[in-house]
Amino acid sequence: QVQLVESGGGLVQPGGSLRLSCAASGRLISINNMRWYRQAPGKQREMVAVISSGGSTKYADSVKGRFTITRENAKNTVYLQMNSLKPEDTAVYSCNADGIDVGNWENFNSWGQGTQVTVSS
């Protein structure tokens with residue numbers, strides 16, 4: 001099935017920035033929505049941002065104005081630009097994408113393995 005590969009996580013000081021990337025690989029695919037989720041220890045996983053195939057976006061209130069989700073359809077890649085990071089942003093960030101795998105003629109809903117983002121002094 002379609003595989004998602006994430007990168008860009010790491011340790012950053014409060015107020016700093018990080019840019020996460022997630023690339024979808026496979027045969028011929030048509031991606032619908034691409035999403036970023038995060039989960040902190042002891043907390044439920046939450047969706048922080050979503051972008052449609054047409055470029056429409058939504059954000060969780062906690063990140064609105066600080067995070068920006070974008071995508072490059074030609075590269076099957078979604079990005080999450082994170083600015084003004086706070087300690088409470090610390091979590092494992094995972095990407096998700098759904099659509100159609102044309103090569104195998106089937107729907108897909110795939111997840112990345114997750115990348116750690118730690119905001120601390």
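One is the number of the first residue; the rest follow in order along the sequence. Quantities reported herein were computed from a predicted structural model and do not represent experimental measurements.
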**Q** Should side-chain heavy atoms under 4.5 Å link Ile, Leu, Val, Met, Phe, Trp and Tyr, which residues sit in the same cluster as Trp111?
**A** Tyr37, Met47, Val50
**Q** Is the backbone of Ser52 close enough, under 3.5 Å, to the side chain of Arg71 for a donor and an acceptor to pair up by distance?
**A**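 Side chain of Arg71 to backbone of Ser52, a donor-acceptor pair under 3.5 Å: yes, one is there.
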**Q** Below 4.5 Å, heavy atoms only, C-beta onward: do Val78 and Trp36 meet side chain to side chain?
**A** yes
**Q** How about CD on Gln113, more than 12 heavy atoms from neighbouring residues, nucleotides or ligands closer than 6.0 Å, or not?
**A** no
**Q** With the side chain counted from C-beta on, respond yes when Asn83 and Phe67 share a heavy-atom pair under 4.5 Å apart, and no when they do not.
**A** no
**Q** OG/Ser120 to CG/Leu85 distance, rounded to the nearest 0.5 angstrom?
**A** 12.0 Å
**Q** Spell out, as yes or no, whether a donor-acceptor pair under 3.5 Å connects the side chain of Glu72 to the backbone of Asn76.
**A**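 No; judged by distance alone, with no hydrogens or angles, the pair does not exist.
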**Q** Provide the closest heavy-atom pair for Gly112 versus Glu6 in the form atom of the first, atom of the second, distance.
**A**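 Looking at all heavy atoms of both residues, the shortest contact is CA-OE2, 3.3 Å.
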**Q** Is the side chain of Thr77 donor-acceptor paired with the backbone N or O of Lys75 at a distance under 3.5 Å, no angle test?
**A** yes
**Q** Would you check if Tyr93 and Gln116 make a side-chain contact, meaning some heavy-atom pair closer than 4.5 Å?
**A**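 No, too far: nothing below the 4.5 Å cut-off.
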**Q** Has Thr115 got a side-chain atom pairing as donor or acceptor with Gly9's backbone, closer than 3.5 angstrom?
**A**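 Here the side-chain-to-backbone pair exists.
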**Q** If we count only N and O atoms by modelled type, under 3.5 Å, do the side chains of Asn107 and Asp101 hold a donor and an acceptor together?
**A** no
**Q** Please tell me if the side chains of Leu20 and Tyr79 come closer than 4.5 Å, counting only heavy atoms from C-beta onward.
**A** no
**Q** Can you tell me which residue among Thr68, Leu80, Ile69, Ile31 is in a side chain to side chain contact (heavy atoms under 4.5 Å, CB included) with Ile51?
**A**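 With Ile51 as partner, Thr68, Leu80, Ile69, Ile31 yield a single side chain to side chain contact (heavy atoms under 4.5 Å, CB included), made by Ile69.
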**Q** For a quick test of reading the model, state the closest non-hydrogen atom pair linking Ala24 to Val2 and the distance between them.
**A**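 The answer is CB-CG1, 4.0 Å.
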**Q** Taking all non-hydrogen atoms of both residues into account, name the closest pair between Cys22 and Leu4 and its distance.
**A**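 Scanning both residues, the minimum pair turns out to be SG-CB, 3.7 Å.
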**Q** Mind running side chain to side chain contact (heavy atoms under 4.5 Å, CB included) on Ile29 and Phe108 for me, showing each step along the way?
**A** CA-CA 9 Å; Ile29 58 175; Phe108 71 87; 4.2 Å; yes
**Q** With a 4.5 Å heavy-atom cut-off, do Met34 and Cys95 have their side chains touching?
**A**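 Heavy-atom side-chain distance check fails, nothing below 4.5 Å.
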**Q** Please test Arg38 against Val63 for side chain to side chain contact (heavy atoms under 4.5 Å, CB included), starting from the C-alpha separation and ending with a verdict.
**A** CA-CA 11 Å; Arg38 70 183 182 186; Val63 307; 3.8 Å; yes
**Q** Are Val117 and Leu18 packed together at the side-chain level, in the sense that at least one heavy-atom pair is separated by less than 4.5 angstrom?
**A** yes
**Q** So, are Lys86 and Asp89 salt-bridged, with charged N and O less than 4.0 Å apart?
**A**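 The answer is no: the pair does not qualify as a salt bridge.
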**Q** Please check: side-chain N/O of Ser30 versus main-chain N/O of Gly99, any donor-acceptor pairing under 3.5 Å?
**A**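 Between the backbone of Gly99 and the side chain of Ser30 there is no qualifying donor-acceptor contact (under 3.5 Å).
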**Q** Are the side chains of Gln39 and Ser94 in contact, using a 4.5 Å heavy-atom criterion?
**A** no
**Q** Are any non-hydrogen side-chain atoms of Pro14 and Ser121 less than 4.5 angstrom apart?
**A** yes
